[in-house]
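Taking it in order: structure first as structure tokens, then the write-up.
Computation of the quantities below employed the complete heavy-atom set of this structure, encompassing side-chain atoms and omitting hydrogens, waters and symmetry-equivalent molecules. Lettering of chains follows the sequences in order, A, B, ..., and the numbering in each one begins at 1.
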Protein chains: 2
Amino acid sequence: MRPQKVDDKTLIEGLMTVLRSKGFDGASINDMAEATGLKKASLYHRFPGGKKEIAEAVLKYVSDWNNKNIAQVLQSEEGTPKSRLDKGLLSIKNLYNNGDSICILRALTMENSADLFGVQIEQGFELWIESFTKLGVDFGFSKAKARKVAMEVIIKIQGSLVVSKGMKNQSPFQQAIKSIKETYTY
Amino acid sequence: MRPQKVDDKTLIEGLMTVLRSKGFDGASINDMAEATGLKKASLYHRFPGGKKEIAEAVLKYVSDWNNKNIAQVLQSEEGTPKSRLDKGLLSIKNLYNNGDSICILRALTMENSADLFGVQIEQGFELWIESFTKLGVDFGFSKAKARKVAMEVIIKIQGSLVVSKGMKNQSPFQQAIKSIKETYTY
DNA sequence: GTCTATAATATGATAGAC
DNA sequence: GTCTATCATATTATAGAC
């Protein structure tokens, strides 16, 4: 065996970048090879199932990231609810490059990819909603109010990302993050 | 010349359905042929520029639709602001099949399509924002407040569509429409 | 204007050398 | 584990009959 040219994490992150900027149909194996520095056949060696397996691995990585940087941060026992909110929102800002990137769940929510990865996409959204709901409860909201606010938060993040990308202007996203802080602290 | 098999409007609407459910890269000319009942070569006859020209024609159709059903309705001289809001929101509900469909501007906001149709997409969002801003002014808001509310409305619509599609549940979209009415009437 | 047939290219995927 | 070479298929696009 030759030495591994690209480590797993770097590889997955490169693949994720391609998938979320081009979508499942728009991202060719060649695109992925160029982005990661591996050749097509090497990608097939590491993901024998081809493009579908690649997307599944990326979604698994995203799920792990969400658990670590959203769920665990927002629901941690340490720190005040406010400090956890700030930390979570900072992770989100970085995740979306301050409004310049698309959410990969959104990028994969087209007919073809939604058919293939519907469950993973659904669970991704669920995790965010549950995490923000629990945070709202810690802020003193009733369960019902907390869930309502959580939905509004997720919707605001997703919507502002769509608008920011469509209008080539990051401020809708940045404003949305600000207003989410106010939602919880006033 | 043989008789025209499909009229322009029916054709464009069929093409629009394919484009917004599969995206620019995901929609093949064959998909479009099947959806419209024409053969590939016939599509090339009517759109010599191929897929790009098809998408441009669809975006032109969308722009006209927006002018007629959003801009003109919201900014009409007739009726109360509230009645115009209700009429516009009803058009929006129908446009997105009550939360079951994706916004075509969103579907075409991927790297490839955004590069090709960036200006049209940008103008599409602009039109919505301007229209809702003017409506807000008619409701008695200051210009600044009206624009802020308009941005929140667009973001809420786009975000709720993403979440509804991702979670296979139309209620986020339906709730969003309700809450938009409240935004203007309380 | 629509169709069948076909060309040219891109893409997903595999075989086999190193 | 990575690579070059290759294949089969899908896709964009065109030619020419009706």
Starting from [atom2] on [N], measure out to [atom1] on [X] and report it in whole angstrom.
| X | N | atom1 | atom2 | value |
| --- | --- | --- | --- | --- |
| B:I29 | C:dT11 | CD1 | C1' | 16 Å |
| A:N30 | D:dT6 | CG | C1' | 14 Å |
| B:F24 | D:dT11 | CZ | C1' | 12 Å |

Salt bridge A:K148-A:E152, side-chain N to carboxylate O under 4.0 Å: yes
SB check A:K22 A:D31 (cutoff 4.0 Å): yes
Side-chain donor/acceptor of A:N97 to backbone N/O of A:G99, under 3.5 Å: no
Over 12 foreign heavy atoms within 6.0 Å of NZ, A:K168: yes
Set of side-chain contact (heavy atoms from CB on, under 4.5 Å) partners for B:K68, sequence neighbours left out: none
Residues in contact with DNA chain C, drawn from residues 34-60 of chain B - heavy-atom cutoff 4.0 Å: B:L38, B:K39, B:A41, B:S42, B:H45, B:R46
